[in-house]
Amino acid sequence: MDRSEAKERIEELREEIEEHNYRYYVLDDPTITDREYDRLLRELEELEEEYPEFRTDISPTQRVGASPADEFESGEHRTPMLSLSNAFEEREITEFRDRVQRKLGTEDELTYIAEPKLDGLAIELIYENGELSEGLTRGDGRTGEVVTRNIKTIRSIPLKLRSDGGEVPSLLEVRGEVYMEKGSFQKMNERRAEEGKDLFANPRNAAAGSLRQLDPSVTAKRPLNAFFYDTGVVEGREFTTQEELLNYFPDIGLRVNPYAEKCQGIKEAKEVYSKLEKKREEIPYEIDGIVIKVNDFNLREELGAKTRSPRWAIAYKFPPERAKTRIKDIEVGVGRTGALTPVAKLEPVEIKGATISRASLHNQDEIDEKDVRIGDTVIIQRAGDVIPEVIKPITEERTGDEEKFQLPDHCPVCGEPVKRPEGDAIHRCVNISCPARIKEAIKHFGSKAAADIEGLGDKLVDKLVEEGLVESIADLYRLDRKEIANLERMGEKSAENLLNALEESKEISFSRLIYALGIRHVGEHLANVLSRNFADFEGLKEAKKEELTSINEIGPEVGDSIVNFLANDSNLKLIEQLDKVGVKYEREAREDEKILDGTRFVFTGQLDDYTRSEAEDLVERLGGRATSSVSSLTDYLVAGENPGSKYEEAQEEGTEIINEEQFKELIQH
DNA sequence: TAGCCTCGAGTTCA
DNA sequence: CTCGAGGCTA
């Protein structure tokens, strides 16, 4: 065989193999045996070995997995992967329908698509000119991990889109779910048991663990599969309905779930729910409910989205798995804000593979209302399949030995009296030097979104405070190498790492530092807002409550909290000491050009690309001003979808009215 | 003043 | 992830 013959054969084999993959995985209708398939694959491997110049990233041979990586890169989603709002009861589904119809201003029932909600992990694949170029996990919705090489090992995922139906879109981002079948999961665990390896708790964890393998050749051996149900950015084709999308995907080689159904009106969607709930056992993969989506994409656009979820879809979940157990005891924890939280210690039970041994009871009201007592047999569930929750005691099983529980009136850690402000459900230890509060404050300070001090874990903080080495946040920066190395389980090396991390953390942005201080009601977001409105702590300290509350998103409660924090001597001392030990904060490096220079904006209605407050922040960052009502001083009214009464006001005032597009042009963002 | 939307805070397990 | 509560809009 000469070179050009080899090239031809290689291409032929690739096509043939992918064709068989398609027939096997998408159509579920294989035409050759596994042995024949393996033979083709082996032949291709040999040829590629012999003629390395014809190797490519999208050859089926790549599916066996490339060499291990050190870590995953992170990649941004061009459009965020939102999550779905959940419903557990039929009533909530009816409310969903009403909401949707109200927002669209129609009385007519819409067409929906109901699909099973797979219990796997969401991914996004990017096909450029039909070739798989990148695979991303959902991550936090905005940024995920690049798992392209692992994705390629999944045989049912096409490396190249099929194109017999005409042109393939030049850019196609598709979204779907990677999962593991229940049977494959079981077999895999049996094998792992034989090999003495740790078992996976459930198929979901197994799928997630497999996809996040640094060594793709490990992923290649895991029985993963995928269904697709959505798109991200698409260029070169327009979809008008979910139905069209679900019909089109298999044509280009993407698997869609066979249980998806078109529903005329919400009632039919509810029927799909009941039907699938009955079928749940016999479906070969785990599903935890159904997803109901508005079919028409134009309507979807009109409905828009909230920050975390679209308004045009809802997840209708099956009842979560419950279990019966006993409350052995109730412990009390003290948080950063001094909140006393009762935690039930449970007789360990397994739900969905995880062994549950504790569950928060939140506060005294919750305990009283549910009448939960120590020694009670209770029903628990994992809310959202994650966080354990006590539903209710089984009173029939009481023996009379159960004890009612009352939160103590003195802090279990420092012994000072506990207060419960009127109208508040939370008991609080108000002693700001309570060791528990100091510990939590320090942990918060060192956390990722705050000063990000690597190596400063919970255990270490506990020890530092207990040993008396650290009494305040500033003390962290006064630790010396010997002190640290002398602690249990800490050596020279760990001490050095910690010191380095501390040193690095001294350079910090103003907003992170504000957040790190742990001012009540001031989280990441508001810390950011504050850092944009004040240059430094000097400015912030001088701010009166009125000045603070005039800032968007800061109301009386938050204003008070900030003023109080900065009026407190020990807090002021902390800020001073941080400065003394060398913590240098700076306003965010990215100083935007002040192109708007005092221009006043008012927003009304809904914008596509920003939330109201994002748009307002943006304006302020660019040196403009965003106000809430139209006056003669207003330069522009930016009108989004469904503008409110401000629209008419602006017309009366003769204020210039612009749409989102024009706004974007104006700010060039 | 109600209802919607976000943010903050607290939480569990592997 | 969920709950409660603060802030904003209608």
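Each chain gets a letter, A, B and so on, in the order the sequences are listed, and its residues count up from 1.
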What is the distance from CD1 of A:I426 to P of C:dC3, rounded to the nearest Å? 14 Å
Under a plain distance cut-off of 3.5 Å, with no hydrogens placed, do A:H521 and A:E557 share a side-chain donor-acceptor pair? no
According to a strict under-4.0 Å criterion, is A:H521 in side-chain N/O contact with OP1 or OP2 of B:dG8? no
Measure the acute angle between the ring planes of A:F663 and A:F601, then classify it against the limits of 30° and 60° as parallel, tilted or perpendicular. perpendicular
If you compare every side-chain N and O of A:T355 against the phosphate oxygens of B:dC13 (OP1, OP2), does one of them come in below 4.0 Å? no
Looking only at the side chain of A:K306 (C-beta and beyond, no hydrogens), which of the listed nucleotides B:dC13, B:dC5, B:dA9 gets closest? B:dC5
Measure from CD on A:Q381 to C1' on C:dT2 and round the result to the nearest Å. 12 Å
Applied to residues 303-331 of chain A, the ring pair (Phe, Tyr, Trp, His ring centres under 6.0 Å) test, sequence neighbours excluded, yields A:Y273-A:Y316, A:Y273-A:F318
Main chain of A:D119, side chain of A:D288: is a donor-acceptor contact present, judged purely on distance under 3.5 Å? no
Tell me the interatomic distance from A:E440, atom CD, to B:dG10, atom P, rounded to whole angstroms. 8 Å
Within a strict 4.5 Å, meaning less than it, do heavy atoms of the A:H444 and A:E440 side chains meet? no
Residue-level proximity of residues 338-346 of chain A to DNA chain B when a heavy atom falls under 4.0 Å: A:A339, A:T341, A:V343
Residue pair A:E286 / A:Y179, side-chain donor-acceptor N/O under 3.5 Å: no
A:E389, nearest nucleotide to its side chain (from C:dG6, B:dC13, C:dC3): C:dC3
Mind calculating the distance between CD (A:E366) and C1' (C:dC3) to the nearest angstrom? 9 Å
On DNA chain B, does the nearest nucleotide to A:R308 precede the nearest nucleotide to A:R358 from the 5' side, or the other way round? Give the residue. A:R308
Phosphate contact (B:dC5 OP1 or OP2) by A:R311 side-chain N/O below 4.0 Å: yes
Out of B:dC13, C:dG6, C:dT2, which has the shortest distance to the side chain of A:E557? C:dG6
A:T337 side chain, from C-beta outward: closest of B:dG10, B:dC13, C:dG7: B:dG10
OP1 or OP2 of B:dC13 versus the side-chain N and O atoms of A:S357: is any pair under 4.0 Å? yes
Name the closest nucleotide to the A:H525 side chain, picking from C:dC1, B:dG8, C:dG7. B:dG8
Under 4.0 Å, counting only non-hydrogen atoms across every strand here, what does A:G335 touch: a base, just sugar-phosphate, or nothing? nothing
Any idea which of B:dG8, C:dG7, B:dT12 is nearest the A:P556 side chain? C:dG7
For C:dT2 and A:N86 - does any side-chain N or O of the residue sit under 4.0 Å from the phosphate oxygens OP1/OP2? yes
Would a distance-only check, ignoring hydrogens and angles, find a side-chain to backbone donor-acceptor pair under 3.5 Å from A:Q364 to A:L407? yes
Contact nearer the 5' end of DNA chain B, comparing A:L526 with A:N205: A:L526
Expressed as a whole number of angstroms, how long is the span from A:N363:CG to B:dT11:P? 11 Å
Between atom CG in A:L530 and atom P in B:dC7, what is the gap in whole Å? 14 Å
When the distance from CD of A:E92 to C1' of C:dT2 is rounded to whole Å, what number comes out? 13 Å
Under 4.0 angstrom between A:R336 side-chain N/O and B:dA9 OP1 or OP2: yes
Rounded to whole Å, the CD1-C1' distance (A:I551 to C:dG6) equals 16 Å
Nearest heavy-atom pair of A:P223 and A:M188: which atoms, and what distance? CD-SD, 3.9 Å
